[in-house]
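A, B, ... follow the sequence lines: proteins, then strands. Residue 1 opens every chain.
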Amino acid sequence: MSSRAQVYLFAVIFTLLGLWLTYYKVSFLNLPLLPGSVKTVWSIEAKLLFNTWGEPVVADLALPEPHSNYAILDETFASSGYGFVIETDAAQRRAVWTRREADGLQTLYYKLQITQLDEGAATEPLSFSTAVLKPSWSAAQYAAATGLINEARNRSADSKSMAQQLLKVLADRDTFQDANMLFQSAPGRSPASLAVDLLSAADIPVHMVRGVQLENRGRNLPPAELVEVHDGNGWHLFDPITAEPGLPENYFIWQRGGQSLLDVVGGRSSRVRFSMISNDVPVENLKSIDAEGDSRTLAGLNIYSLPLDKQAIFKSLLLIPIGALIVVIFRVLVGLRTSGTFMPVLLALAFIQTTLLTGILILVALVMAGLLIRTYLSRLDMLMVARISAVLIVVVFLMAGFSVMSHRFGLDQALTITFLPMVILAWTIERMSITWEEDGAKEVMIQGAGSLVVATIAFLVMTNPVVEHLTYNFPELLLVVLGIILVLGQYTGFRLSELYRFRYMDQ
Amino acid sequence: MLSRYRNLRRKGMLGVNERNVSYIARYNDRKLYPLVDNKLLTKKAAEQSDIAVPKLLGVISVPSELHTLSDIIESHQSFVIKPARGSGGKGIIVITDRDGKRFVKPSGEQLRFRQLRRDVSNILSGVYSLGGRPDVAFVETLVAFDPNLQRYSHEGLPDIRLIVFRGYPVMAMLRCPTHASDGKANLHQGAVGVGLDIASGRVLRAVQGDLIIERHPDTDVLFSDLQIPEWRELLDLAASCYELAGLGYMGCDIVLDRYRGPLILELNVRPGLAIQLANGVGLRHRLKQIAALEHIDESPVNRVDYILEHFV
């Protein structure tokens with residue numbers, strides 16, 4: 001069999017196999033072929049930090065409540081050297097870590113995956129105590145609080161609006177000296193806990209709500225606190241700082257009421273910090289996360305069996321073949337010259353992080369600066385590896401400089417610069433500068449523009465929701481991509497650019 | 001656009017994709033590339049097979065041999081120093097004459113021995129080789145220009161590029177350096193390509209870039225007056241390169257020496273496609289005709305006879 005026939009045979013086999021697997025998953029496993037119903041799954045890591053000095057330690061963390069606005073899909077605890085138990089009482093689950101002796105800074109982890117419930121927060125069936133516990137304040141503090149309470153009472157109609165006004169005057173420390181005084185008399189206390197005291201002093205039933213303000217790729221965030229007040233009919237949430245009513249968007253309620261999030265006996269300066277990433281997962285697959293040993297798993301092809309953070313990596317890995325296909329199409333069918341064969345794919349991947357326009361601007365600025373410096377280095381007659389390494393270091397410096405400068409000017413977008421593939425950039429600069437010397441600035445422009453065009457188109461295709469959905473949920477479709485690439489590798493017709501190059505022969 | 005596609009196809013134009021897939025990948029064995037990529041190896045192999053090349057005067061392979069440079073060039077009034085793995089004519093030092101202790105370049109610039117030695121040292125350190133690998137420098141005799149051809153060149157050396165397919169020279173062009181190409185013979189750098197009738201060596205037409213031209217842009221000489229001397233010898237030489245390199249599809253660069261006739265300058269595994277524009281003819285039909293031959297004649301002379309008979 002000729003090599004050509006073999007290639008076509010494989011291409012057909014791969015394509016049919018990919019299409020058949022896709023058909024199977026769509027019609028027998030009921031996976032949606034097109035995107036639509038996806039849910040955001042958040043992976044949260046709660047880091048417990050505290051200092052110890054050799055005494056027995058008991059760390060007691062309140063766990064998210066079952067009646068939160070998010071459902072917990074999965075949770076894990078990491079606690080090397082600690083005894084660990086989950087205690088459940090009527091209202092609250094608590095994780096308790098214990099150790100006979102610990103010294104120095106301790107770090108414990110609690111990881112969980114959650115997804116928002118459609119019905120939202122289950123506010124109603126709660127039976128929190130509406131008893132008001134008066135704060136134990138000094139006379140001066142009471143006097144200040146009374147001033148604020150009177151001010152708020154004048155501005156409000158009922159206890160709900162009263163609560164809101166009270167939060168407003170408490171937050172407006174410039175206008176109200178009394179508010180200022182309250183904050184100064186209780187240093188280190190959060191606005192939420194002061195608000196709870198103040199609302200209690202005004203005889204309004206109140207408790208604190210602790211939770212996490214979800215933000216993709218958020219790192220080391222402190223807990224976000226809200227207050228919940230009872231107006232005689234039901235409970236209402238308020239943000240203690242803005243006095244905005246209602247549940248903020250992407251707010252994960254961790255604990256309603258309760259004394260504290262984390263209690264540490266035998267430790268000091270205890271705190272909880274949250275890190276998180278988000279993932280879009282089709283609704284279908286949430287079910288298979290829930291149901292153990294689901295029969296849907298198809299012989300290792302199911303990426304959902306991986307941990308969520310690994311899935312995120314696969315998400316971008318699976319897009320690379322799409323980028324490669326774009327490169328093949330542009331080089332074989334169009335005849336666009338690019339600087340480095342797969343550089344545009346890596347650029348497109350970076351653009352996903354930086355957003356397109358910012359990415360292009362930063363890239364052009366970086367390459368131009370790099371070329372200038374490379375021009376000087378080329379006069380020093382260095383060996384190639386040393387020269388590229390020198391360019392690489394310069395690129396790192398430039399990146400750091402760009403980031404710091406743009407941050408100072410308030411352009412935080414430019415901080416995403418670190419997502420640009422540094423080593424590839426150094427190589428690109430090196431290659432472009434050689435091209436400049438050998439073939440002139442025009443050729444550099446042609447190749448640079450070609451790379452940017454291909455990278456942009458690859459970016460647009462790779463970020464297309466349908467493409468993202470298909471590659472992620474039907475990785476077997478990449479076999480079809482492979483088939484197409486195999487066939488394109490046999491294409492012996494003209495490139496689009498050759499129709500122009502040979503135009504004078506068309507007479 | 002589709003009609004142009006069909007038109008070009010009918011005219012037998014060869015595109016990059018087809019050249020790479022159907023000819024270079026199919027007919028060229030990769031393990032033979034090193035012989036062609038290294039001009040010194042090509043030259044030595046050619047000398048062994050009695051194929052005419054500019055005479056090798058000496059080789060400097062490592063910096064410790066630099067002191068032999070003065071011995072190598074001592075008895076020569078003119079010579080050329082080349083990097084073995086340079087590309088696009090880079091790193092080539094041409095010395096046309098001597099003025100006392102100094103060396104004269106074609107531009108009239110004069111070099112001291114010290115400068116010459118430094119240039120050779122640069123070649124050894126890989127400044128001109130792909131990827132910066134350490135390279136070897138060799139010294140060869142300067143080609144004595146044919147005065148007839150000299151008029152068609154600015155500064156550099158005009159050479160004749162032939163596409164040799166399975167040992168059959170199928171298409172030819174003369175490449176004339178211009179001021180725009182900085183004395184280099186590469187068409188994409190601005191040199192003039194003069195299409196030559198493969199059977200007779202007569203001029204078909206001349207192009208610079210996209211444009212058909214009649215006269216050399218620098219010397220103003222009419223191209224139509226040009227007749228390449230010793231055309232038959234030149235074809236025989238090109239055909240014999242197949243036995244030398246073993247590559248099915250290659251470009252063969254030949255210069256004409258006033259005294260020694262045609263000499264092989266270098267071979268090329270990926271010859272460009274602009275030769276079709278210079279000839280005003282596509283390569284495909286000729287390549288197909290040769291590809292269809294069931295058996296390759298073992299004698300270069302017979303192969304050239306075939307060409308003269310069939311490609312008139």
Side-chain angles (χ1 to χ4, degrees), chain A residues 2-4 7-8 328-337 374 377-391 427 430-431 433-443 446-447 485-507, chain B residues 1-23 25-26 86-91 118 121-122 125-134 180-182 184 186 188-190 205 207 209-212 272-274 276-284:
Chain A
S2 79
S3 67
R4 210 178 171 84
V7 168
Y8 283 125
V328 171
I329 287 174
F330 270 88
R331 290 184 60 123
V332 171
L333 296 186
V334 180
L336 217 56
R337 270 173 285 173
R374 166 62 175 73
L377 284 177
S378 79
R379 281 197 227 133
L380 302 183
D381 289 344
M382 294 169 72
L383 288 177
M384 184 195 61
V385 179
R387 188 174 59 219
I388 293 178
S389 306
V391 171
W427 265 106
E430 169 73 14
R431 206 191 312 254
S433 113
I434 290 179
T435 311
W436 195 307
E437 281 167 19
E438 294 181 357
D439 302 313
K442 192 177 152 206
E443 184 65 26
I446 290 174
Q447 290 191 7
I485 288 178
L486 283 179
V487 172
L488 282 177
Q490 296 286 306
Y491 174 75
T492 56
F494 294 119
R495 298 171 174 179
L496 213 54
S497 61
E498 283 170 339
L499 293 185
Y500 174 78
R501 184 186 178 193
F502 296 151
R503 64 194 177 284
Y504 292 117
M505 298 293 291
D506 177 27
Q507 272 139 24
Chain B
M1 208 158 75
L2 207 65
S3 77
R4 178 182 288 179
Y5 189 101
R6 274 197 231 106
N7 231 338
L8 292 178
R9 199 81 183 163
R10 206 180 49 239
K11 289 213 163 165
M13 292 301 285
L14 184 71
V16 174
N17 290 329
E18 190 172 13
R19 179 197 68 180
N20 291 350
V21 171
S22 305
Y23 296 100
R26 186 173 306 167
S87 64
K90 282 187 302 287
R118 194 201 58 209
S121 164
N122 272 341
S125 70
V127 172
Y128 305 106
S129 75
L130 278 177
R133 283 191 303 172
S181 78
D182 195 22
K184 300 206 174 84
N186 286 326
H188 73 266
Q189 287 169 328
R205 65 177 192 175
V207 294
D210 287 335
L211 301 174
I212 296 183
L273 296 168
Q276 302 177 101
L277 297 175
N279 276 263
V281 182
L283 269 166
R284 259 178 104 233

Self-check item: B:Leu277 side, atom CG; A:Tyr504 side, atom OH - distance, nearest 0.5 Å
Solution: 10.5 Å

Exercise. Considering non-hydrogen atoms only, spot the tightest contact between A:Gly489 and B:Val21 and give its length.
Key: O-CG2, 3.7 Å

Self-check item: Side chain / backbone / both / neither for B:Val16 at chain A, heavy atoms under 4.5 Å
Solution: both

Quiz item: Relative to chain A, which segment of B:Ala25 carries a heavy atom at a distance below 4.5 Å: side chain, backbone, both, or neither?
Solution: neither

Quiz prompt | Gap separating the CE atom of B:Met13 from the CE atom of A:Met505, nearest 0.5 angstrom | solution = 4.0 Å

Practice problem: Find the one option among A:Glu443, A:Arg503, A:Arg4 whose heavy-atom pairs under 4.5 Å with chain B are most numerous. | Solution: A:Arg503

Self-check item: Atom group of B:Arg10 that falls short of 4.5 Å from chain A, counting heavy atoms
Solution: neither

Exercise. Mind ranking B:Gln189, B:Arg9, B:Arg19 by heavy-atom pairs under 4.5 Å with chain A and telling me who comes out on top?
Key: B:Arg9

Quiz item: Of the backbone (N, CA, C, O) and the side chain (C-beta and beyond), which part of B:Val281 lies under 4.5 Å from a heavy atom of chain A, both, or neither?
Solution: backbone

Exercise. Would you mind telling me which of B:Leu14, B:Leu273, B:Leu8 makes a side-chain contact (heavy atoms from CB on, under 4.5 Å) with A:Glu498?
Key: B:Leu273

Exercise. Kindly say whether B:Asn17 contributes a backbone atom to a donor-acceptor pair with the side chain of A:Tyr491 at under 3.5 angstrom?
Key: no

Practice problem: Supply the atom-to-atom distance A:Tyr500 OH to B:Asp210 CG, rounded to the nearest 0.5 angstrom. | Solution: 5.5 Å

